[in-house]
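To find a chain, count down the sequence lines: A is the first, B the second, and so on, and within it residues start at 1. Basis for what follows: all heavy atoms, side chains included, without hydrogens, waters or symmetry-related copies.
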Amino acid sequence: MPELPEVENVRRGLAELVIGKTVKDIQILWSKIVVNPDEVFLDGLVDRQIIGVDRRGKYLLIRFDHDLTVVSHLRMEGKYEVDDQSAPVTKHTHVIFEMTDGTQLRYLDTRKFGRMQLIETGQEMTVAGLKTLGPEPTPATFDVHQFYQALQKHHKAIKPLLLDQKVVSGLGNIYVDETLWLSQIHPETPADLLTQAEVQKLHDDIITELQLAINSGGTTVNTFLNATGHAGAFQEMLHVYGKKGEPCERCQTPIEKIKVAQRGTHFCPHCQIRKEAR
DNA sequence: AGCTGCTCCTGGTCGC
DNA sequence: TGCGACCAGGAGCAGC
C-alpha cells in the first residue's frame with residue numbers, strides 16, 4: 001500500500017515523465033474514482049498543461065496551468081503509468097489522460113479505492129482529507145512538543161493515532177509497525193501513557209524511518225511500482241512487518257501478529273512491552 | 001469531542 | 001476441482 005515514501009517516489013517519477021505534457025482528452029472508465037462530476041473534470045482539464053507534481057502527506061497534487069490542481073490519493077493500490085496510446089489498456093485502468101504527444105497518463109487501481117478531484121490551485125484546504133492533515137514528518141515541520149501534546153489528549157492505543165493523518169501525516173500500516181518496533185513501544189499502549197522521552201524517540205524514529213524509506217525508493221509489497229516502473233528496495237529493510245514467527249532482530253523472540261483497531265499489527269512481545277493503565 | 005464501526009472493492013486464501 | 005466465505009485495508013463519514 002502506498003504510504004508517504006511510496007507516494008513521494010511516485011511524485012518524482014511523474015514529475016520526470018509528465019511535466020510539460022498537455023491534455024488532449026480524458027477517458028473516465030470508472031466514474032467513482034473522480035470526485036467531481038465527469039463533465040466538470042473533463043471540461044476543466046482538456047487543453048491544460050501539466051506544470052508540476054507536488055505531494056502533501058499521501059496526497060499527490062498534479063499541477064496544471066490556469067491554476068488547476070488534481071488532488072489524487074492512491075489509497076491501497078492506485079498507481080500511475082505513462083504509456084504510448086497504442087499500449088493495450090488493462091482491466092484495472094480507470095482514468096486515461098490522453099496527451100497531445102501521443103502518450104497517455106493512466107491511473108490503475110485494482111480495488112478502485114483511490115480518488116482524484118479537480119480543484120482550483122490554492123483551494124487545497126477545501127478537500128476533506130487535506131484540510132485536517134497533520135504536519136509532514138520532517139525536522140522542519142514535525143514539532144515534538146505539539147506531538148506530545150496531541151498524544152496526551154488521547155487515551156486510545158498509540159497505533160490508530162499514528163494512522164490518523166491529523167496527528168502526523170504520511171504513516172500507514174507498514175511504517176507504523178516499523179517505527180513502533182524501532183521505538184520499542186507496544187502498539188496498544190494508551191497514547192497518554194507515553195513519557196516525553198518515549199515520544200521524543202518515536203518522533204525521531206518516524207522522521208528517520210520515512211526519510212530512509214524515501215531514499216530506498218519505497219517499499220514494494222505485492223506489486224507496488226513507482227510511475228517509472230521501478231520497484232522499491234525498502235522491503236528488505238523491514239524489521240517486523242510481514243515477519244510473523246520470525247525472530248526479532250534485537251532479542252530473537254518470534255514476532256507476533258495481532259489485531260489493533262481492526263488492523264493487522266506486527267510487533268515483538270519481548271522488546272515492545274505494553275504499559276497498563278495507571 | 002472522542003471514538004467505533006461501516007463503506008468502498010477485488011484478488012487471494014482457506015475449508016469443505 | 002469448484003465454490004463460497006472471509007480477509008486485507010486508507011480515509012471519509014455516520015452515529016453514539
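Regarding contacts with the backbone of B/dC9, every side-chain N or O of A/His94 stays at 4.0 angstrom or more from both OP1 and OP2. Residue A/Lys153 places none of its side-chain N or O atoms closer than 4.0 Å to OP1 or OP2 of B/dG2. Put simply, A/His92 has no side-chain N or O that comes within less than 4.0 Å of OP1 or OP2 on B/dT10. Close to C/dG12, at under 4.0 Å from its OP1 or OP2, lies a side-chain N or O of A/Tyr59. Note on A/Lys112: a side-chain N or O is less than 4.0 Å away from OP1 or OP2 of B/dT10.
With hydrogens and angles ignored, no donor-acceptor pair under 3.5 angstrom links the side chain of A/Arg115 to the base of C/dA11. At a cut-off of 3.5 angstrom, counting only N and O atoms as typed in the model, there is no donor on one side facing an acceptor on the other between the side-chain of A/Arg75 and the base of C/dG9.
Nearest-nucleotide positions on DNA chain B place A/Gln262 closer to the 5' end than the other of A/Gln262 and A/Trp30. For the pair A/Met76 and A/Leu130, both in contact range of DNA chain C, the more 5′-proximal nearest nucleotide belongs to A/Met76.
Contact between A/Met125 and A/Leu130 at its shortest, heavy atoms only, is SD-O, 4.0 Å. Of all non-hydrogen atoms in A/Arg263 and A/Asn173, the two that sit nearest each other are CB-OD1, 3.8 Å.
Using a 4.0 Å heavy-atom criterion, one finds that A/Gly129 contacts the sugar-phosphate atoms exclusively. A/Gln165 comes within 4.0 angstrom of the backbone, heavy atoms only, and of no base. Using a 4.0 Å heavy-atom cutoff across all strands shown, A/Lys91 reaches sugar-phosphate atoms only and no base atom. The residue A/Lys259 sits close only to the backbone: its heavy atoms come under 4.0 Å of sugar-phosphate atoms, none of a base.
Using a 4.5 Å cut-off on side-chain heavy atoms (C-beta onward), A/Met99 and A/Ile50 make contact.
As rounded to whole Å, 19 Å separates atom P of C/dG10 from atom CE of A/Met116. Between the P atom of C/dG9 and the NE2 atom of A/His73 lies a distance of 15 Å, rounded to the nearest Å.
The number of heavy atoms from other shown groups lying within 6.0 Å of NE2 (A/His154) is above 12.
Checking A/Asp38 against A/Ser31 by side-chain atom types alone, a donor-acceptor pair falls below 3.5 Å.
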